[in-house]
Amino acid sequence: MYRHTLGLALASLPVALAATYNVEVGAGGQLAYDPPYITASAGDTVNFIFNPKNHTVTQSSFNTPCVSSNGFKTGFVPVSANTSSADLPVKQFTVPAGTAPLWFYCGQTGHCGQGMVFAINAPADPDPHSFSAFQKLAIATNGTGSSTHATTSAFSTPPPQHWQTATATVTAGGSTWTTTYTSYDGTPPPTPAAQPVDHKITVGADGLLAYNPPNITASIGDTVTFEFHPKNHTVTQSSFSDPCHAVVKSDGSSGFKSGFTPVAANATSFPTFQIKINDTAPIWGYCGQTGHCQQGMVFAINAVESSANNFEAFLEIAKNSGNSTSTGTATSSSTTSTSTDKSGALGLQFSPRFSLVALVIGVFSAALL
Ligand SMILES: *[C@@H]1O[C@H](CO)[C@@H](O)[C@H](O)[C@H]1NC(C)=O
Ligand SMILES: *[C@@H]1O[C@H](CO)[C@@H](O)[C@H](O)[C@H]1NC(C)=O
Ligand SMILES: *[C@@H]1O[C@H](CO)[C@@H](O)[C@H](O)[C@H]1NC(C)=O
Ligand SMILES: *[C@@H]1O[C@H](CO)[C@@H](O)[C@H](O)[C@H]1NC(C)=O
Ligand SMILES: *[C@@H]1O[C@H](CO)[C@@H](O)[C@H](O)[C@H]1NC(C)=O
Ligand SMILES: *[C@@H]1O[C@H](CO)[C@@H](O)[C@H](O)[C@H]1NC(C)=O
Ligand SMILES: *[C@@H]1O[C@H](CO)[C@@H](O)[C@H](O)[C@H]1NC(C)=O
Ligand SMILES: *[C@@H]1O[C@H](CO)[C@@H](O)[C@H](O)[C@H]1NC(C)=O
């Protein structure tokens with residue numbers, strides 16, 4: 001009898017603990033969530049109470065605080081200044097299973113860059129993935145003075161590049177093509193290789209969790225052949241700011257991926273995966289096998305060494321992107337692929353007369369860059 005009662009009490013414990021948190025969004029006209037962060041358990045409810053102005057609550061990831069991860073989003077919630085507090089709109093969020101930190105920001109122009117961010121279960125300072133580190137990164141990446149680096153105790157993410165998109169209409173040989181390409185300071189103009197070259201990169205050679213070489217330059221029209229050595233690796237395109245997740249391009253399509261390629265330890269021939277270089281803008285990639293990216297198994301093609309977004313910086317972000325639930329970026333985030341730096345979303349539109357078009361574009365780009 002005693003035992004039975006105790007069992008019941010224990011069974012009801014999780015229900016008793018489910019909590020509701022009220023978070024004011026923009027109260028008193030401030031660009032802030034109040035409280036700015038909470039600690040919550042799976043199943044708890046967060047009520048976001050929208051005060052006057054026009055804010056959002058949008059889920060992001062630690063490394064890209066002001067970019068939607070395609071997780072939770074309220075959309076814009078405009079509230080007029082004379083709305084009484086009883087009538088403020090409320091949006092609910094239910095904390096999902098797992099204790100991984102969750103990151104959010106306001107998507108209204110300029111708000112995130114002024115530090116309007118929120119977190120659930122962020123580790124406490126001085127952890128490099130604390131709430132204050134996240135807020136600093138938001139201000140550093142999207143603030144008005146965003147050329148200054150965000151400094152967390154572990155690493156700093158370089159500022160975003162100044163991208164430009166150019167569209168050129170080219171008439172040659174009686175035909176007309178329109179082509180769009182993107183570039184940033186220091187990126188070579190999109191000129192084709194005189195003679196296309198095939199670049200070889202080994203994947204996991206000698207049992208190392210590495211691409212070799214990890215960091216190459218290639219011209220338009222060149223190919224890159226990845227050669228898989230024993231173990232079970234992938235070649236997956238990502239983006240500078242989110243090295244360990246497959247990129248989702250701005251048009252919703254994905255980048256290149258080889259899929260898992262298991263190779264026996266005694267194999268004598270090695271399978272390959274080839275990509276073609278369509279643009280001189282940087283290409284970033286990683287091995288999708290559990291833990292490999294965080295151990296530095298990443299590569300870059302046409303990274304600009306003199307830029308803040310160089311291969312070393314990319315490698316550093318990969319190593320810091322976390323393996324465990326204490327770091328927020330690695331867990332439950334298969335949907336958090338973002339490409340703030342657009343480096344996955346590039347491409348000359350191909351035509352059968354590609355080399356001719358690209359050649360003419362080279363002239364255009366020389367003027368534009
Ligand atoms: C923050 O900056 C990134 C990169 O420039 C941009 O894609 C994103 O839209 C910005 N976010 C906000 C909320 O302005
Ligand atoms: C709220 O902000 C969004 C984005 O800036 C804008 O498109 C929308 O028109 C605004 N709504 C109101 C009612 O001001
Ligand atoms: C709030 O003010 C607007 C104009 O400023 C008015 O149209 C609206 O009726 C007011 N709403 C309330 C609830 O008083
Ligand atoms: C990446 O390539 C550049 C240019 O070849 C080189 O200067 C740099 O040292 C390389 N970085 C690494 C980590 O290999
Ligand atoms: C390769 O790795 C993937 C992902 O971990 C796994 O699903 C697959 O079974 C592995 N293949 C072999 C042959 O080990
Ligand atoms: C590799 O080893 C497996 C079993 O360990 C064997 O079945 C296979 O024949 C070997 N292959 C080669 C190429 O030696
Ligand atoms: C280049 O374009 C081809 C054809 O559109 C595409 O299959 C390939 O993945 C592109 N290469 C890269 C590196 O994106
Ligand atoms: C991730 O795990 C690898 C190996 O287990 C370790 O070398 C690396 O430091 C870890 N990274 C983080 C951020 O915990």
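Every heavy atom of this structure was used, including side-chain atoms; hydrogens, water molecules and symmetry mates were not. This chain uses plain numbering: 1 for the first residue, then up along the sequence.
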Pair Asn310, Ser307: side-chain N/O donor-acceptor within cut-off below 3.5 Å: no
Parallel, tilted or perpendicular: rings of His111 and His55 (30°, 60°): tilted
Any side-chain donor near an acceptor of the partner, Thr280 and Asn302, under 3.5 Å: no
Minimal non-hydrogen separation, Val247 against Ser239, with atom names: CG2-CB, 4.1 Å
Smallest separation among heavy atoms of Phe299 and Tyr286, with atom names: CE2-N, 3.7 Å
Side-chain H-bond candidate by donor/acceptor type, Thr223 with Asp198, under 3.5 Å: yes
Sulfur-sulfur distance Cys112/Cys106 under 2.5 Å: no
Plane angle bin for Tyr211 and Phe226 - parallel if under 30°, tilted between 30 and 60°, otherwise perpendicular: perpendicular
Plane angle bin for Phe72 and Phe104 - parallel if under 30°, tilted between 30 and 60°, otherwise perpendicular: perpendicular
Member of Ser132, Pro128, Pro126 meeting the side-chain contact (heavy atoms from CB on, under 4.5 Å) criterion with Ser130: Ser132
ILVMFWY cluster, Leu208 and Met297 together (side-chain gap under 4.5 Å): no
Donor + acceptor pair across side chains of Asn63, Ser61 (<3.5 Å): no
CD1 on Ile120 to CH2 on Trp103, rounded to 0.5 Å: 10.5 Å
His229 side chain to Glu227 side chain, donor-acceptor N/O pair below 3.5 angstrom: yes
Nearest-0.5 Å distance that lies between atom CD in Gln294 and atom CG in Leu209: 11.0 Å
